[in-house]
Amino acid sequence: METVLELRGVSKDFGGDPAVDAVSLSIERGELHSLCGPSGCGKTTLLRLVAGFEAPSAGEIFLNSRLINHEPPYRRNVTTVFQNYALFPHMTVQANIEFGLKQKGVRDLAEPVRRALDLVQLTGLEHRRPDQLSGGQRQRVAIARSLALAPEVLLLDEPLSALDPNLRKQVRQELKALQRRVGITFLMVTHDQEEALSLSDRITVLDRGRLQQTGAPQQIYLRPANRFVADFLGTVNWIDGIGVRPEATRISLERPSNGARVRAGRISASTFLGDCIQLDTLLDSGERLTAQVSRMNGAFQSGDHVHVWWHPGDEITL
Amino acid sequence: MSGGILAMRSRSKPDPPAAAFLAPSVLLQALLFLCPLAIIAGYSLLSRGAYGGVELAVSFENYQRLFDPLYGAILLRSVWLASISTLLCLVLGFPLALFIARSGRRKGLYLQLVILPFWTSFLIRTYAWIFLLRDTGLVNTVLTAAGLITQPLPLLYNDAAVVLGLVYGYLPFMVLPLYATIERLDKSLLEAAADLGATPWKTLWTVVLPLCRPGIVAGVVLVFIPCLGAYLTPDLMGGGKTIMIGNLVQNQFSTARDWPFGAALSLALMALVMALLMAMSRRRGGQQAEDLL
């Protein structure tokens with residue numbers, strides 16, 4: 001794998017606690033990489049450092065092995081899809097897409113514009129203004145505008161957060177398909193762990209400016225490096241220093257005899273979630289544990305004496 | 001954004017409290033604006049009295065005289081000086097407004113400084129310029145003492161001095177609406193322009209200026225109109241040489257004692273300004289500029 005973007009010990013402070021604290025990270029060519037973490041973890045600042053809107057307080061940023069710390073945004077071959085899309089309101093869709101090409105000195109604009117619009121399936125809307133587009137269309141124009149320049153890395157700042165939830169899941173898959181088709185490296189910021197897990201080739205989790213873990217979705221979900229990463233990516237039941245995710249936690253009336261780890265307890269609440277049922281249990285040892293089970297698993301009532309169990313292989317050990 | 005609710009209300013019959021709130025200003029406008037305006041319109045159709053005032057003989061002669069080339073030249077000259085002054089205000093005011101909008105916590109202080117001149121009277125400030133620029137003024141004295149010149153420079157009593165006075169006097173009216181639009185500009189648009197490869201200079205021309213159009217229109221209107229009708233500045237800083245339409249009107253009511261012609265001139269000036277305003281509000285950005293005013 002070839003590294004396209006590399007951060008070495010990059011820090012940024014705005015006076016006070018560092019927003020980004022000594023982050024070292026390599027982004028590989030062609031991957032879809034998500035920067036993930038709660039708000040204030042430094043993920044957007046990191047993106048802005050790569051784009052060139054902020055200068056690092058320490059450390060080095062390399063693009064294609066070239067130090068770009070001191071290059072202004074307009075000389076960096078990376079482009080950004082902004083959270084609010086930042087389409088120029090006084091320009092048509094076509095003029096928005098032409099904007100970057102013109103700065104590059106491209107003579108024949110028609111063909112690249114057509115290709116960019118085609119890529120995001122917006123052909124026919126060339127002459128609309130941004131205020132005549134829906135949120136989803138605006139997002140696609142923003143992506144087309146950035147992709148038209150064929151950047152080394154496309155930076156996306158919470159690209160789905162402004163869309164309504166139903167649209168979001170659909171666009172998520174479209175975004176991934178688009179990335180595969182164009183083969184451009186995507187570096188995406190998101191606070192939504194489900195989005196990160198479902199889209200990314202690799203994920204970097206940040207907390208308070210520090211890098212917590214980088215890895216493939218499965219790897220960081222199943223083998224989190226620390227408690228923060230484990231908890232951030234989904235609910236974890238912690239018992240005696242061992243973690244078990246609710247979907248790996250099973251419930252049965254009879255005691256299982258298959259080498260599983262078993263605890264006895266009672267059902268304290270049963271919540272219907274549509275695609276599954278959430279069972280809250282109170283163990284005899286006094287701990288509380290949550291399980292998500294299939295509806296097909298049978299019905300449990302509050303107060304039922306049950307066995308709570310899981311396979312040792314599903315445990316999260318730190 | 002154009003005060004839609006208020007506009008809609010006023011079209012239907014105002015409810016009693018609204019009428020009560022409106023009454024004082026309507027009364028004031030009627031008494032102090034519409035009545036005098038009607039009197040001026042009336043005077044403009046009468047004949048000149050021997051010692052000022054008017055005689056009750058209806059005549060359109062005053063309007064015919066407006067087309068005298070002598071007055072046409074003064075009008076053109078007024079438009080020219082007002083245009084130059086407005087353009088200079090724009091050229092000087094835009095960078096200033098941009099600077100203020102980007103100065104973070106110091107914005108308030110800088111805005112105060114822009115407004116500071118209003119704390120003293122315009123007349124006094126104009127005299128201050130005279131003291132600076134006249135032959136025995138500070139500038140000439142210092143330059144002479146420094147041995148840089150032997151003859152005092154003709155800094156006062158010419159067109160340049162009038163333009164200087166107008167630019168100085170009306171610059172804040174340009175800066176404030178420009179500042180208001182620049183301030184409201186979405187910063188991410190500037191970042192997007194840079195991100196797509198535009199240098200700061202290119203961003204200024206292709207993104208900032210077009211989006212600041214309402215502020216530019218508002219500033220131009222606010223500066224051009226008072227400049228066109230200015231009479232104090234050309235009178236004091238232009239000496240007797242630089243006469244603008246405002247001075248011409250004033251002369252008719254004082255030395256020339258031709259009130260009807262003065263009235264016709266005022267109305268002509270008003271008509272010109274209104275025509276310009278209407279032409280502007282028809283163009284794109286005009287509506288937004290009106291909101292800003």
Side-chain angles (χ1 to χ4, degrees), chain A residues 14-15 44 47-54 71-92 95-106 112 116 129-131 138 141-158 162, chain B residues 1-2 4 90 94 97-98 101-107 177-178 180-220 280-292:
Chain A
F14 297 98
T44 296
L47 203 71
R48 293 174 59 80
L49 286 165
V50 175
F53 303 139
E54 310 284 354
E71 286 201 350
Y74 51 88
R75 294 234 182 80
R76 298 185 184 193
N77 196 12
V78 296
T79 53
T80 307
V81 174
F82 291 82
Q83 188 168 9
N84 67 355
Y85 311 139
L87 299 179
F88 303 122
H90 59 301
M91 296 182 196
T92 59
N96 264 283
I97 296 174
E98 284 173 348
F99 186 90
L101 296 165
K102 280 183 185 163
Q103 312 306 324
K104 262 192 162 181
V106 176
R129 281 176 186 278
D131 59 5
R138 275 203 282 270
V141 174
I143 292 174
R145 181 176 75 170
S146 296
L147 281 180
L149 292 178
E152 293 289 341
V153 182
L154 180 69
L155 308 172
L156 302 104
D157 188 5
E158 303 262 9
Chain B
M1 290 292 207
S2 58
L90 182 59
F94 198 87
L98 200 62
R102 290 179 161 214
S103 11
R105 284 187 298 139
R106 294 204 160 166
K107 271 178 206 172
L178 284 179
T181 39
I182 295 172
E183 172 75 286
R184 281 194 299 187
L185 211 63
D186 182 354
K187 303 277 178 298
S188 67
L189 293 177
L190 310 186
E191 288 180 349
D195 193 63
L196 294 166
T199 59
W201 184 246
K202 216 50 204 283
T203 304
L204 178 69
W205 285 97
T206 52
V207 177
V208 180
L209 275 174
L211 289 176
C212 286
R213 205 179 145 132
I216 294 171
V217 173
V220 165
M280 272 195 154
S281 71
R282 277 206 194 152
R283 300 192 53 176
R284 212 159 51 77
Q287 186 56 51
Q288 288 156 290
E290 276 174 28
D291 293 348
L292 214 65

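It should be emphasised that the depicted structure is a prediction, and the values quoted were computed from it without experimental measurement. Per chain, numbering begins at 1; letters A, B, ... match sequence-line order. Values below: all heavy atoms of this structure, side chains included; hydrogens, waters and symmetry mates excluded.
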Hey, are the side chains of [X] and [Y] touching, using non-hydrogen atoms and a 4.5 Å cut-off?
X: A:R48; Y: B:E191; result: yes
X: A:F53; Y: B:D195; result: yes
X: A:P73; Y: B:L196; result: no

Of the non-hydrogen atoms in B:P200 and A:Y74, which two are nearest, and what is the gap between them?
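Heavy atoms only, the tightest pair is CD-CE2, 3.3 Å.
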Minimum heavy-atom distance between A:H90 and B:T206, given as atom pair plus value
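Looks like NE2-O, 2.9 Å.
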Using a 4.5 Å heavy-atom cutoff, which residues in residues 95-106 of chain A come close to chain B?
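So far as heavy atoms go, A:F99, A:G100, A:Q103 are the residues that approach chain B to under 4.5 Å.
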Contact listing (chain B partner; residues 78-88 of chain A; heavy atom under 4.5 Å):
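Counting heavy atoms that sit under 4.5 Å from chain B, the residues of residues 78-88 of chain A involved are A:V78, A:T79, A:T80, A:F82, A:N84, A:A86, A:L87, A:F88.
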